Number of protein chains: 2
Amino acid sequence: MPQPSAQRGRPPRISRAEIIETARRIVDAEGVDRLTMRRLAKEVGSTPMALYHHVRDKEQLLVLLLDDYAARMAREPELPADPRERIVVTAAAIRETLAACPWIAEVLTADDLLGRSALWFVERILDGLEECGLSPERAVHGYRAIWYYTAGEIIVRAAAARRRAGDERPTYRERVFAGIDPGELPRLAAVADRWAELTAQDTYLDGLRALVDGLVGAP
Amino acid sequence: MPQPSAQRGRPPRISRAEIIETARRIVDAEGVDRLTMRRLAKEVGSTPMALYHHVRDKEQLLVLLLDDYAARMAREPELPADPRERIVVTAAAIRETLAACPWIAEVLTADDLLGRSALWFVERILDGLEECGLSPERAVHGYRAIWYYTAGEIIVRAAAARRRAGDERPTYRERVFAGIDPGELPRLAAVADRWAELTAQDTYLDGLRALVDGLVGAP
DNA sequence: GTTAGTTTTTATACATGTATAAAAAAGAAC
DNA sequence: GTTCTTTTTTATACATGTATAAAAACTAAC
């Protein structure tokens with residue numbers, strides 16, 4: 001990590017910005033799987049270990065990459081007047097942006113709050129919650145709940161997609177559902193054959209609305 | 001993966017059950033970090049690659065381990081009469097069990113529905129939701145929302161704990177919050193100095209209640 | 001017994017992240 | 001200039017997950 005001290009010591013040949021930019025190019029072009037420290041080093045014209053003077057480890061590199069993406073989030077200017085709807089729109093925007101990069105799941109667990117660029121969205125959610133009458137403390141807790149829900153949705157959905165992309169083995173789930181005893185688990189048995197279809201539907205917004213309603217009181 | 005075909009071919013010297021049992025012992029005694037395929041092979045008296053005839057890869061091994069844990073979940077027999085409260089109690093039980101093993105986060109992204117043993121909890125949540133008047137389809141979606149929220153909470157909290165356990169560097173968050181402009185982000189600025197304290201509080205139940213309220217209608 | 005077929009185990013090899021220590025490239029002090 | 005200090009880069013090495021292919025251990029057919 002470069003100190004702001006006066007110019008001394010061997011001058012750097014690569015910068016963190018250069019590393020991140022190259023990493024982003026690789027990820028965009030070939031996916032996160034192809035991003036290795038050796039490959040990245042070669043592309044910036046250096047050696048693998050030199051990278052470690054600019055980023056702590058690969059995980060931090062991915063977090064920085066994620067920040068880079070988050071900074072590009074479209075902050076649509078026309079916001080609904082209803083604070084409740086404003087919260088929904090904002091959370092949905094975050095989720096849409098993050099879900100767009102499928103490698104997110106591996107990083108999302110690394111940091112709950114993204115960089116400066118994401119704070120604007122947090123502000124908007126807090127503002128909506130407080131306008132609905134919540135105290136600042138409860139607004140923070142409400143934001144956290146929304147973030148848990150959103151992060152969970154992205155991660156679980158990304159994992160499911162990854163599994164589907166892998167190989168079409170009989171699916172653990174199918175085998176589990178096949179053995180359901182309707183006497184013991186009647187509710188599950190009733191929907192067992194539609195489970196895959198039902199869980200494949202995108203109900204993020206429904207759940208989000210329910211959560212917001214519950215947080216701020218009945219609509 | 002052992003086929004149920006007639007006894008033929010070289011007889012196995014290790015079994016999946018033996019592998020999982022040994023893995024659990026290692027994880028319980030020394031943590032998930034010390035669980036390596038080589039170490040595990042040595043402890044079951046075999047070679048690393050032999051394990052791969054009984055489990056697909058390390059990730060699946062961890063999922064199986066998680067199932068093993070989930071099977072031990074306490075299913076407290078006295079349930080509240082109020083279906084709403086029954087949902088809350090059940091989801092909280094799942095969360096408590098899973099949060100008890102801190103290595104969970106690395107696996108949780110692997111499978112949304114755990115093994116047979118966890119289905120009982122799913123059933124209870126579905127039952128509560130339907131008793132509140134939701135259709136079977138909406139109950140499944142409601143369960144998914146609860147699962148997203150719960151998984152997100154566990155993962156984010158586990159990641160935060162891991163980060164804290166690592167090293168006490170100036171915390172990315174602190175630096176981000178230090179640069180907040182009260183003019184631009186007033187809501188955030190107002191709680192900036194209490195952010196760490198507020199987000200450290202355990203508000204899982206509050207959020208869960210809000211979500212359930214929102215899913216089934218006002219209380 | 002010999003051969004063929006099937007299942008499990010082993011040996012070897014490779015890619016990857018990264019720890020460790022040495023080397024290189026600069027300015028500062030003399 | 002020479003030497004010291006600081007910063008960055010490089011070389012080497014290791015642990016890990018796992019792919020690949022060969023070997024081993026058994027049954028069935030003849």
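Predicted model, so just to flag it, every value in this text is computed and none were measured. Just the heavy atoms: all of them, side chains too, but no hydrogens, waters or symmetry mates, feed the values below. Chain identifiers are assigned alphabetically (A, B, ...) following the order of the sequence lines, protein sequences preceding nucleic acid strands; residue numbering begins at 1 within each chain.
Across all their heavy atoms, B:Thr47 and B:Ala41 have their closest contact at C-CB, 3.3 Å. When every heavy atom of B:Glu43 is checked against every heavy atom of B:Thr22, the shortest pair comes out as CB-CG2, 3.6 Å. The shortest heavy-atom contact between B:Thr36 and B:Lys58 is CA-NZ, 4.5 Å. In plain terms, the two heavy atoms of B:Tyr149 and B:Thr203 that are nearest each other are OH-O, 3.7 Å. The minimum heavy-atom distance linking A:Gly128 with A:Arg86 is given by the pair CA-NH2, 4.3 Å. When all heavy atoms of A:Glu153 and A:Asp202 are compared, the closest pair comes out as OE2-OD1, 4.2 Å.
Atom CD1 of A:Ile14 is separated from atom C1' of C:dA25 by 15 Å (rounded to the nearest Å). As rounded to whole Å, 16 Å separates atom P of C:dA25 from atom NE2 of A:His53.
Enclosure of atom CZ in B:Arg138 is not indicated, since only 12 or fewer non-hydrogen atoms of other residues, nucleotides or ligands lie within 6.0 angstrom. Crowding of B:Glu96 atom CD: a count of heavy atoms from other residues, nucleotides or ligands under 6.0 Å not exceeding 12. Other residues, nucleotides and ligands contribute at most 12 non-hydrogen atoms within 6.0 Å of the CZ atom of A:Arg34.
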Using the 3.5 Å cut-off, write out each protein N or O paired with an N or O of nucleotides 15-19 of chain C and the distance between them.
residue : atom : partner : partner atom : Å
C:dG17  : OP1  : A:Lys58 : NZ           : 2.5
C:dG17  : OP2  : A:Met37 : N            : 2.8
C:dG17  : N7   : A:Arg38 : NH1          : 2.7
C:dG17  : O6   : A:Arg38 : NH2          : 3.0
C:dT18  : OP2  : A:Tyr52 : OH           : 2.8
C:dT18  : OP2  : A:Lys58 : N            : 3.0
C:dT18  : O4   : A:Arg38 : NH2          : 3.4

Table of protein N/O atoms under 3.5 Å from nucleotides 22-26 of chain D N/O atoms:
residue : atom : partner : partner atom : Å
D:dA24  : N3   : B:Arg10 : NH1          : 3.4
D:dA25  : N3   : B:Arg10 : N            : 3.4

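Between B:His54 and C:dT9, a side-chain N or O to OP1/OP2 separation shorter than 4.0 Å is present. Regarding contacts with the backbone of D:dA11, every side-chain N or O of A:Thr47 stays at 4.0 angstrom or more from both OP1 and OP2.
Helix-axis bend for the helix from C:dG1-D:dC30 to C:dC30-D:dG1: the local axis fitted to the five terminal pairs at one end deviates from that at the other end by 30°, rounded to 10°.
Contact annotation: the side chain of B:Trp195 approaches that of B:Leu188 to within less than 4.5 Å [non-hydrogen atoms, C-beta and beyond].
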